[in-house]
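Encoded as structure tokens, the structure appears first; notes follow it.
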Amino acid sequence: MANLIQYAKDEVAKLTHNAYLQAAAAGVLPSGVSINASIDIPKDTNHGDYASSFALAGSKLMKMPPRKIAEIMIQYIPLENSCFDHVEIAGPGFLNFKLGSRWYGNVLNTIEAEGENYGATDQGKGQRVMVEFVSANPTGTMTIGNARGGVLGDSTAAVLERAGYQVWREFYVNDAGNQVDKFALSLEARYLQLLQGEESIVFPEDGYHGEDIKKLARQFYEDYGDSYLTVEPNERRAFMKKFGLEYNISKMQSDLERYGIVYDQWFPESTLHESGYVDETIDLLEQSGYTYEKDGALWFKVTALGGEKDEVLRRTGGGYTYFAVDIAYHRNKFEVRKFDKVIDVLGADHHGHALRFKAGITALGIDNSRLDFLIMQLVQLLQDGKEVKVSKRSGKSITLSDLLDEISVDAARFAFNAKPNNHLIFDLDLAIRQDSENPVYYVQYAHARICSLLDRLSKEGYFVLPAAQINAALLSSEEERALIKCLAQLPEEIFAAARDYDPSRINRYLIQLAGEFHRFYSSQHIKGEERDLLEARLKLADSVRSVLANCLQLLGISAPEKM
RNA sequence: GUCUCCGUAGCUCAGCUGGAUAGAGCAUCCGCCUCCUAAGCGGAAGGCCGGGCGUUCGAAUCGCCCCGGGGACGCCA
């Protein structure tokens with residue numbers, strides 16, 4: 001759990017604070033001044049590894065020029081037992097600290113000691129968190145949008161696990177309600193059309209027009225022939241509904257598994273209805289006083305809880321809305337299954353709904369800060385340089401399994417793990433090309449390169465030694481130091497990725513780490529160097545291999561030993 | 001109209017809880033394999049950080065107002 005970046009930062013804070021106290025005690029700086037200084041990692045390493053703005057921030061309060069303050073303070077900064085070996089004044093008055101070889105050695109020690117757990121943080125403190133994601137309607141196939149949601153949810157879950165949460169992955173199966181009934185009617189109509197000709201049966205206006213329903217009807221016919229032609233319609237529809245849902249759900253399960261996504265639970269909406277849990281939840285909402293009747297429907301006063309508009313819970317003709325059932329479902333997450341925190345991964349088209357139904361959680365007396373939404377903007381599909389309109393109605397969208405027929409799981413998982421707030425432009429032609437334009441190969445290549453290096457050297461009798469046995473002071477080139485600092489960065493990345501629910505940070509981290517490695521590899525030789533140096537560099541390379549594999553595994557991407 | 005996300009290099013995007021000369025990949029151009037994998041490395045070129053005003057020692061970053069684009073505003077889910 002060691003975070004050496006933070007450790008060094010804390011040390012800068014301590015050193016500067018103590019320096020100020022001593023200077024003030026000696027009467028050379030005004031005493032009793034409280035300064036809120038930043039400690040930054042400069043982009044340009046000529047400015048050191050850490051920069052404190054203490055003197056700049058204190059300039060106004062002390063009524064002294066910043067450089068003057070810095071000059072006094074630097075006399076009170078002893079570096080002997082710190083992780084730094086140099087401090088200097090630069091620019092308008094920054095105090096710039098340079099890390100020493102003790103710190104660099106420590107990074108390699110830590111990576112070795114923590115192994116595949118390196119980078120873990122304890123920010124979750126073992127809290128139980130549910131990540132609900134994809135939850136596509138089982139009335140059809142999964143789209144490219146679900147490809148994004150799947151990666152985002154799964155990777156967020158993985159990052160949270162590494163950050164010390166106990167994570168539960170869940171898929172909510174909408175196997176009840178209006179849409180499912182329409183689905184059954186559509187399926188039935190296609191089945192009857194198959195048997196009696198297209199003209200004899202009127203297809204429901206608001207039904208599912210996609211090809212997949214026709215295919216499903218054909219599948220049903222193959223399994224059951226015309227035996228359901230004479231069955232009483234209600235019974236027939238009920239059976240076909242069950243058939244269609246089971247078929248689609250198992251298809252979704254296998255598609256997602258192929259994509260590297262395995263859930264802890266597939267939670268069927270129908271169970272909430274059957275057990276009376278939805279009724280019970282609506283009763284509670286009525287007792288809360290946030291409901292009213294209008295036009296024969298039961299409404300929920302979202303506006304009384306700060307929302308924009310009220311929502312219907314129970315329709316005039318009876319039957320609960322999606323809104324009502326969703327509140328019940330979330331009550332189940334918190335009250336029955338006792339999750340400390342729940343994260344719903346949703347497309348931007350559900351944003352408004354999400355904000356409003358959060359009010360429902362509040363009305364039930366549940367602290368709504370326990371519920372977070374990870375809203376992702378929609379995916380725009382590009383083919384031949386033109387936008388492909390993804391329309392569910394026409395059934396002409398490109399499905400997740402189509403996509404995985406074209407590109408590798410590795411490439412897909414890397415490409416779709418992008419910052420949720422941004423629209424994602426997915427260029428199909430580019431993804432299919434699978435060449436070096438794809439950054440996933442850049443990262444995987446770094447891993448393969450190291451593996452083959454280790455293999456090569458082992459044949460010459462050189463093996464990776466324990467960190468305690470190498471001389472880290474030999475790793476003093478610019479490239480080596482940049483590489484080690486990059487290795488030390490992982491715990492910070494995990495922390496931020498978990499805090500912001502942004503696992504794409506790990507993508508960027510991997511690209512950076514691979515880049516630092518390639519630069520090190522091209523500028524420094526390992527094979528053929530004298531033993532001490534060879535062993536130090538070999539250890540460094542192996543540490544990089546370990547961290548690359550660690551992060552790739554976290555994202556569900558393979559780490560090939562050969563390419 | 002209201003809410004929300006976005007606007008940074010030719011393209012795709014980082015950087016946004018304020019710090020020094022705004023970064024990367026791709027595309028373009030120029031170099032580098034008798035030497036551990038060239039799926040690599042180095043270099044060049046490329047920018048009113050959408051616009052304006054404000055906050056401050058300091059703004060791509062914070063606040064307000066515009067402009068432009070996506071999404072949502074159903075007794076659908």
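In what follows, chains carry the letters A, B, and so on, assigned in the order in which the sequence lines appear, proteins first and then strands, with residues in each chain numbered from 1.
Taking 3.5 Å as the limit, the base of B:G71 and the side chain of A:Gln377 contain no donor-acceptor pair of atoms between them. Residue-to-nucleotide contacts include no donor-acceptor pair under 3.5 Å from the side chain of A:Ser59 to the base of B:C57. Counting atom types as modelled, A:Asn507 pairs no side-chain N or O with a base atom of B:A14 as donor and acceptor under 3.5 Å.
Under the Watson-Crick or G-U wobble criterion, with both distances below 3.5 Å, B:G18 has no partner in any strand shown. Nucleotide B:G1: paired with B:C73 (Watson-Crick or G-U wobble, both distances less than 3.5 Å). Nucleotide B:G68 is matched to B:C6 when pairs are restricted to Watson-Crick or G-U wobble geometry with both distances under 3.5 angstrom. Nucleotide B:G58 has no partner under the Watson-Crick or G-U criteria, as no pair reaches both atom distances under 3.5 Å. For B:C41, the paired base is B:G31 (Watson-Crick or G-U wobble, both distances below 3.5 Å). Pair assignment for B:G63: B:C53, on the basis of Watson-Crick or G-U wobble contacts that are both within less than 3.5 Å.
Set against B:C41, B:G71, B:C13, the side chain of A:Leu378 has B:G71 as its closest nucleotide. Checked against B:G71, B:A20, B:C41, the side chain of A:Ala51 finds its nearest nucleotide in B:A20. Residue A:Asn421 has its side chain nearest to B:C6 when only B:C6, B:G70, B:A14 are considered.
Rounded to an integer number of Å, the gap from A:Phe426 CZ to B:U12 P is 15 Å. Atom P of nucleotide B:C73 and atom NZ of A:Lys309 are separated by 8 Å, given to the nearest angstrom. What separates CZ of A:Arg508 from P of B:C16 is a distance of 10 Å, to the nearest Å. Distance, A:Ile425 CD1 to B:G10 C1': 14 Å, rounded to whole Å. One interatomic measurement links the two molecules: CG of A:Leu374 to P of B:C5, which rounds to 13 Å at whole-angstrom precision. Summarising the geometry, the separation between CD on A:Glu530 and P on B:C36 is reported as 20 Å, rounded to the nearest angstrom.
Under the 4.0 Å criterion applied to side-chain N and carboxylate O atoms, A:Arg519 and A:Glu479 are not assigned as salt-bridge partners.
Relative ring orientation between A:Tyr172 and A:Phe267 is described as tilted, the plane-to-plane angle lying within the 30° to 60° band. Below 30°, between 30° and 60°, or above 60°: for A:Phe416 and A:Phe426 the angle between ring planes is below 30°, a parallel geometry. Ring geometry for A:Phe171 versus A:Trp266: interplanar angle under 30°, hence parallel rather than tilted (30 to 60°).
Note on A:Arg315: a side-chain N or O is less than 4.0 Å away from OP1 or OP2 of B:C76.
Counting any heavy atom pair closer than 4.0 Å across all strands shown, A:Phe323 reaches no nucleic acid atom. Residue A:Asp326 is out of contact with every strand shown, counting any heavy-atom pair closer than 4.0 Å.
Looking at heavy atoms from C-beta onward, A:Lys485 lies out of side-chain contact with A:Glu516 at the 4.5 angstrom threshold. Using a 4.5 Å cut-off on side-chain heavy atoms (C-beta onward), A:Thr156 and A:Phe133 make no contact.
Judged by ring centres under 5.5 Å apart and planes tilted less than 30 degrees, A:His518 fails to stack against the six-membered base ring of B:C41. Here A:Tyr442 does not lie in a stacked arrangement on the base of B:G25, lacking the combination of planes under 30° and ring centres under 5.5 Å apart.
One C1' atom belongs to B:G46, the other to B:C30, and the distance between them is 15 Å to the nearest Å.
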